[in-house]
Amino acid sequence: MMIEVSHISKSFVSPKKYPGLKGAIKGLFSTEKIEKKAVDDISFSIKEGEIVGYIGSNGAGKSTTIKMMTGILSPTEGNCLVNGVDPNKKRKENAKNIGVVFGQRTQLWWDLPLSESFTILKEIYDVCDEDYAERMEFLNRVLELQEFFDRPVRTLSLGQRMRADLGAALLHNPRVLYLDEPTIGLDLVVKENIREAIKEINAKYKTTVILTTHDIGDIEELCSRIIIIDQGKKIYDGSLQKLKDLYGAKRTVSMEVRNYNQKKLANLWETLGVKEEDYETEYDKEQRILSVAFDKNKIHVPEILTAVMSQMEVKDVQIEETQLEDIVKQIYHSGVK
Ligand SMILES: Nc1ncnc2c1ncn2[C@@H]1O[C@H](COP(=O)(O)OP(=O)(O)OP(=O)(O)O)[C@@H](O)[C@H]1O
Ligand SMILES: [Mg+2]
């Protein structure tokens with residue numbers, strides 16, 4: 001296993017807050033503290049070369065987990081091993097094995113030309129000239145850094161900066177790459193470039209990638225496995241496909257109809273032997289749209305169309321699959337079934 005996380009937890013202690021202005025003043029003198037478990041007993045393991053999406057709503061504990069895996073934060077309980085090294089005990093040794101990109105802020109030196117940041121990183125990570133040349137050739141090809149290599153980092157656009165950060169994280173050819181929202185705020189074209197670069201790096205060097213994102217597109221394109229966390233707890237760990245099978249069986253057919261008749265339709269379902277729990281209908285009076293949501297493993301679209309068309313005039317039909325985005329929303333909202 002490249003990464004073994006076992007029963008890791010992280011609590012933050014912060015001063016208790018009181019509401020209102022009076023409360024703010026009271027808070028100044030109070031010594032009351034509250035403890036919050038940002039990460040609560042999480043375990044998982046990741047094989048070499050896997051790309052795993054680590055997802056969850058805001059404040060779920062994603063960044064905190066990543067910080068513990070990189071050695072930036074020490075766990076309150078539990079531990080992890082990355083390439084056989086405990087990042088918390090051997091920070092330096094661990095640093096050689098990992099690359100990190102935090103999309104929200106750069107790891108580069110703001111006022112220095114990008115080229116100098118790379119020279120410094122070459123020294124820090126002790127990359128020999130030969131490896132450096134090979135690496136730069138690859139990074140220039142996939143990330144096109146040469147366009148702005150001599151400019152100070154502060155003058156780079158967000159998309160350029162993200163490419164620069166990704167390049168910098170990969171200079172020493174790490175075994176594990178942590179990406180915390182690497183596509184945040186990027187336009188579609190740059191997003192696509194970043195995704196392609198990640199794919200290529202993973203394929204060429206078998207780099208293990210842990211990716212945190214709110215962008216479902218990132219997940220669909222890059223990850224075959226996802227881990228979902230909610231309020232510090234792991235609530236799903238498995239394939240993207242399984243999640244889709246589990247939740248994505250729902251389909252909706254929307255039909256624009258004339259002379260809608262609820263009673264006749266209900267009778268018809270009964271004659272057809274369609275069970276009530278397997279479908280849900282909704283009629284929008286103004287738009288005259290009848291929607292039937294159903295489990296595609298139990299009812300088929302032609303059955304629905306035939307039934308409806310035998311009772312009323314159908315002007316237009318639309319069929320929708322449940323999107324991954326809806327599935328994830330549903331899980332954040334009500335947990336895994
Ligand atoms: N240094 C800290 N001190 C106190 N509380 C913290 C600290 N860092 C994080 N937290 C709290 O821990 C919880 C988890 O935060 P974390 O940053 O891991 O969430 P996240 O899943 O990365 O969210 P987002 O999607 O918004 O980035 C939040 O409630 C956050 O306020
Ligand atoms: Mg975060």
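One-based numbering, in listed order, for ligands and for the atoms of each. The model shown is predicted, which means the values in this text are computed figures rather than measured ones.
Here the heavy atom of the protein found nearest to atom 6 (C) of ligand 1 is F12 CD1, 3.2 Å. Protein heavy atom at the shortest distance from atom 29 (O) of ligand 1 is K36 CE, 2.9 Å. Atom 17 (O) of ligand 1 has its closest protein heavy atom at S63 CB, 3.7 Å. Protein heavy atom closest to atom 15 (O) of ligand 1, with residue, atom name and distance, is T64 OG1, 3.7 Å.
Those atoms of ligand 1 with a heavy atom of N58 less than 4.0 angstrom away are 23 (O), 24 (P), 25 (O), 26 (O). Atom numbering of ligand 1 starts at 1 in the shown order; those under 4.0 Å from a heavy atom of A38 are 12 (O), 13 (C), 14 (C).
In this structure, atom 31 (O) of ligand 1 has no protein heavy-atom contact shorter than 4.0 Å. Shown here, atom 2 (C) of ligand 1 is in close reach of the protein: a heavy atom of it lies under 4.0 Å off.
Polar contact check, A60 against ligand 1: a nitrogen or oxygen pair lies under 3.5 Å apart. On a distance-only criterion, G59 and ligand 1 share at least one N/O pair closer than 3.5 Å.
For the pair S14 and ligand 1, no heavy-atom separation below 4.0 Å is found. Residue contacts with ligand 1 include E181, since one of its heavy atoms falls under 4.0 Å from the ligand. Heavy atoms of K67 stay at 4.0 angstrom or farther from ligand 1.
Ring geometry, W269 versus Y279: the interplanar angle falls from 30° to 60°, so the pair is classed tilted.
One of the N, O or S atoms belonging to S63 lies under 2.8 Å away from the Mg ion (ligand 2).
Cation-pi check for K62 over Y54 is not met; the charged atom does not lie both under 6.0 angstrom from the ring centroid and within 45 degrees of its normal. A cation-pi contact, defined as under 6.0 Å to the ring centre and within 45° of the axis, links R105 to F102.
T207 and N202 share no side-chain donor-acceptor pair at under 3.5 Å. Judged by distance alone, the side chains of S9 and D41 never bring a donor and an acceptor atom under 3.5 Å apart.
Nearest heavy-atom pair across T213 and E181 is CA-CG, 4.4 Å.
With salt bridges taken as basic N to acidic carboxylate O contacts below 4.0 Å, none links E256 and R288. Salt-bridge check for R141 with E200: passed, with a basic side-chain N closer than 4.0 Å to an acidic carboxylate O. With respect to the salt-bridge test (charged N to carboxylate O, under 4.0 angstrom), the residues K90 and D86 do not qualify. Look at E320 and R251 and you find no salt bridge, because none of the NZ, NE, NH1 or NH2 atoms lies under 4.0 Å from a carboxylate O.
When K10, K37, K62 are checked for heavy-atom proximity to atom 25 (O) of ligand 1, K62 turns out nearest.
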